[in-house]
Amino acid sequence: MYIVIVNPFAGSGKAMKVFEQVRQSPAYKKVECRAFITQHEGHAEALAQQVTEIYKDRIICMIIIGGDGTVHEVLNGLKYYPSVPLAFIPGGSGNDFGKATLLKKGPIEIFEDIIGSEKNYLDYRVGTYRTDYRKAKNTRLFANSIGFGFDGEIVKAANHSILKKWLNHYHIGFLIYCLALIKTLGSFQPKAIELTVDGEKRTLENVWMVTIGIHGYYGGGMRILPNARMQSNQLALLVLHNISKWKVLVMFVSVFWGGHVRFKEVEVLTGSNVSVKSEEILSYHVDGESGSCQACHIQKVNIPRPVFGGKK
């Protein structure tokens, strides 16, 4: 049985249109599918957990139609079910998870590939994060990236922008991150951060951002972490500090082709165990959603999860 979880709000309604295309295709009628439509924030997580508890070994694959936030919810719903295969059909604004795992194809082609082969699964190692010294049982998973500081403020501004729905309507939702960057640039104040990577502690001043990822894609297609590898046991890190505002803008322009790593103010690191701390409140983003904290512990999960994809 294939389980399909659809977020009708993703991409300002785009995901629902994608689902209708898939549901009306001949391929959808060839296999046993059960579709569930989310109704509110957090519902995809609850659905993934409940459906897995009910159907257990009958699930061939759980297919997500939505955006990166929907992937985040479903992944956490399957926190205790690492063997359930996941697949993604993009329907959101940024769709970084899809850019990292899928070849460029239409929704129906992706669905046909999912049901047509059991071999095209990646051993995908997700990350865990725990904010503000919460107990281990409150650890959460992330599929793409988690970032602190400037990029956290950018995602917050993008998610609250009145332009997001309009840009999604014209299939240029990735531009919202560019506009949010320009808006945030003028008001952001760099932070002092204590960064610990695999036991090595450093205190950094004038930090703009610390970004940690599973793969390289970010913000709707930027290659922020070109050294990231999904199947590696290491997280990829980028630290941006001691940089002027005008140079930040130039750096972000170069992110689209990976030129930012040549800037002297950019550090590219790897590690399997990372902590970020500050005496100030830090805005953060995780899989396209925003929050705030003063401390966070991040790790790479050792046990890989099967995720459908054409990329290696």
Side-chain angles (χ1 to χ4, degrees), residues 1-5 44-45 48-49 51-53 55-90 95-103 110 113-130 136-147 197-198 211-218 223-238 269-274 286-288 296-312:
M1 175 188 298
Y2 292 89
I3 301 296
V4 183
I5 295 182
E45 184 171 337
Q49 181 178 350
V51 169
T52 304
E53 288 172 353
Y55 293 106
K56 295 182 181 177
D57 296 336
R58 291 182 61 194
I59 299 174
I60 299 172
C61 182
M62 188 168 289
I63 303 170
I64 304 160
I65 302 181
D68 292 315
T70 318
V71 173
H72 184 82
E73 287 193 19
V74 171
L75 180 64
N76 279 281
L78 297 177
K79 181 177 178 179
Y80 300 111
Y81 303 97
S83 63
V84 175
L86 279 178
F88 179 61
I89 300 178
N95 301 313
D96 288 318
F97 189 70
K99 289 179 174 66
T101 57
L102 298 171
L103 298 174
I110 295 172
D113 288 346
I114 292 168
I115 66 171
S117 174
E118 295 182 3
K119 297 180 180 179
N120 292 331
Y121 282 87
L122 309 170
D123 287 334
Y124 196 100
R125 296 192 179 191
V126 301
T128 69
Y129 69 103
R130 180 161 46 96
K137 67 178 182 179
N138 295 322
T139 297
R140 291 184 63 77
L141 308 179
F142 69 96
N144 300 315
S145 64
I146 182 168
V197 181
D198 291 341
T211 298
I212 302 156
I214 307 299
H215 58 74
Y217 291 96
Y218 164 101
R223 292 300 303 271
I224 192 77
L225 295 165
N227 64 325
R229 299 293 180 268
M230 310 180 268
Q231 295 163 306
S232 169
N233 61 359
Q234 298 281 297
L235 294 157
L237 291 83
L238 180 142
L269 309 168
T270 58
S272 58
N273 196 315
V274 180
V286 57
D287 291 346
C296 189
H297 183 230
I298 305 103
Q299 285 184 287
K300 195 76 176 281
V301 173
N302 290 326
I303 301 173
R305 289 168 176 263
V307 170
F308 175 83
K311 294 184 178 180
K312 300 294 184 183

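When reading the values below, keep in mind they use all heavy atoms of this one structure, side chains included, and skip hydrogens, waters and symmetry mates.
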Between the side chain of Y124 and the main-chain N/O of I214, is any donor-acceptor distance below 3.5 Å?
no
Measure from the side-chain N and O atoms of D287 to the backbone N and O of A143, and report whether any donor-acceptor pair falls under 3.5 Å.
yes
Check against side chain to side chain contact (heavy atoms under 4.5 Å, CB included), T52 and M62
CA-CA 9 Å; T52 304; M62 188 168 289; 3.5 Å; yes
Heavy-atom pair of closest approach, residues [X] and [Y]:
X: P85; Y: I60; answer: CG-O, 3.3 Å
X: A44; Y: T70; answer: CB-CG2, 4.2 Å
X: L102; Y: G309; answer: CD2-CA, 4.3 Å
X: F142; Y: I298; answer: CE2-CG2, 3.6 Å
X: H72; Y: L141; answer: CE1-O, 3.0 Å
X: Y121; Y: F308; answer: CD2-N, 3.4 Å

Test item: [X] and [Y] side chains (from C-beta on) under 4.5 Å apart, heavy atoms:
X: I59; Y: Y81; answer: no
X: S272; Y: N302; answer: no
X: I3; Y: M1; answer: yes
X: Q299; Y: N273; answer: yes
X: L86; Y: R305; answer: no
X: H215; Y: D96; answer: yes
X: Q234; Y: D198; answer: yes
X: F88; Y: N95; answer: yes

Salt bridge (charged side-chain N to carboxylate O under 4.0 Å, His left out) partners of residues 58-75, not counting sequence neighbours, each pair once
E32-R58
How about CG on D57, more than 12 heavy atoms from neighbouring residues, nucleotides or ligands closer than 6.0 Å, or not?
no
What distance separates [X] [atom1] from [Y] [atom2], expressed to the nearest 0.5 Å?
X: N233; Y: R125; atom1: CG; atom2: CZ; result: 5.5 Å
X: L269; Y: I212; atom1: CG; atom2: CD1; result: 10.0 Å
X: I114; Y: I63; atom1: CD1; atom2: CD1; result: 4.5 Å
X: K79; Y: R140; atom1: NZ; atom2: CZ; result: 7.5 Å
X: S145; Y: L225; atom1: OG; atom2: CG; result: 7.0 Å
X: T270; Y: L237; atom1: OG1; atom2: CG; result: 7.5 Å

Is the terminal nitrogen or CZ of R223 (NZ for Lys, CZ for Arg) located under 6.0 angstrom from the six-membered ring centre of Y218 and within 45° of that ring's axis?
no
Can you check side chain to side chain contact (heavy atoms under 4.5 Å, CB included) on I64 and F97, steps first, answer last?
CA-CA 11 Å; I64 304 160; F97 189 70; 5.8 Å; no
